[in-house]
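This structure is a prediction, so every number in the text was calculated from the model and none was measured. By convention here, the first residue in the shown sequence is residue 1.
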Amino acid sequence: MQIDAIDSEAATRLINTVMAAVQSRRQGQAEGSGHLRVETVYDEERASLKIIILGGLNTAADLLKVIDTPSEEPE
């Protein structure tokens with residue numbers, strides 16, 4: 001997933017939210033019940049954030065819902 005036109009402060013908040021969701025999921029799951037790996041890259045010059053999610057389809061979909069929720073702020 002790539003998010004453009006995002007400042008470093010908003011990117012940091014979103015990265016922290018994603019990582020907290022991943023950590024929470026790891027603590028609540030049984031060992032061996034599925035792996036999830038997330039990598040993030042923020043390019044300050046382009047104001048672009050890339051979030052790479054590697055894992056099962058359902059797990060990745062759940063995480064995408066977490067990512068989508070903060071971006072639905074009222075304008």
Side-chain angles (χ1 to χ4, degrees):
M1 155 178 262
Q2 181 168 324
I3 303 167
D4 293 317
I6 184 169
D7 64 32
S8 62
E9 195 173 300
T12 299
R13 281 194 308 269
L14 185 54
I15 291 168
N16 288 341
T17 299
V18 168
M19 294 308 185
V22 170
Q23 186 62 28
S24 174
R25 185 185 182 288
R26 284 183 182 148
Q27 290 174 350
Q29 83 183 89
E31 193 169 321
S33 66
H35 298 284
L36 179 66
R37 181 174 170 187
V38 177
E39 295 184 22
T40 62
V41 178
Y42 180 67
D43 184 338
E44 192 166 1
E45 205 171 286
R46 293 188 173 115
S48 178
L49 173 64
K50 287 188 182 187
I51 301 173
I52 302 156
I53 303 169
L54 302 169
L57 183 60
N58 290 335
T59 304
D62 288 343
L63 189 55
L64 286 171
K65 290 176 190 173
V66 169
I67 294 169
D68 188 48
T69 301
S71 65
E72 293 180 353
E73 296 173 2
E75 296 181 17

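- By the rule that hydrophobic residues join a cluster once side-chain heavy atoms approach within less than 4.5 Å of another member, V41 and I3 end up as members of separate clusters.
- Contact of the L63 side chain with the I51 side chain is not registered, since no non-hydrogen atoms from C-beta on lie closer than 4.5 Å.
- Summarising the geometry, atom OG1 belonging to T40 is positioned 13.0 Å from atom CE belonging to M1; distances are rounded to the nearest 0.5 Å.
- Under the side chain to side chain contact (heavy atoms under 4.5 Å, CB included) criterion, A10 pairs with I6, D7, R13, sequence neighbours left out.
- Among residues two or more places apart in sequence or in another chain, the side chain to side chain contact (heavy atoms under 4.5 Å, CB included) test is passed with D4 by Q2, S48.
- Applying the salt bridge (charged side-chain N to carboxylate O under 4.0 Å, His left out) rule to D43 yields the partners R46; only residues at least two apart in sequence or on another chain are considered.
- A side chain to side chain contact (heavy atoms under 4.5 Å, CB included) with V22 holds for exactly one of I53, T59, V38, V66; it is V38.
- If you chain together ILVMFWY residues whose side-chain heavy atoms come under 4.5 Å of each other, I52 ends up grouped with L54.
- For the pair T12 (side chain) and S8 (backbone), a donor-acceptor distance under 3.5 Å is present.
- Across all their heavy atoms, I67 and L14 have their closest contact at O-CD1, 4.1 Å.
- The side chain to side chain donor-acceptor pair (under 3.5 Å) test applied to E39 returns R37, not counting sequence neighbours.
- Rounding to the nearest 0.5 Å gives a distance of 9.5 Å between CG of D62 and CG of L57.
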Intermediate values then yes/no, side chain to side chain contact (heavy atoms under 4.5 Å, CB included), D68 and K65: CA-CA 5 Å; D68 188 48; K65 290 176 190 173; 5.7 Å; no
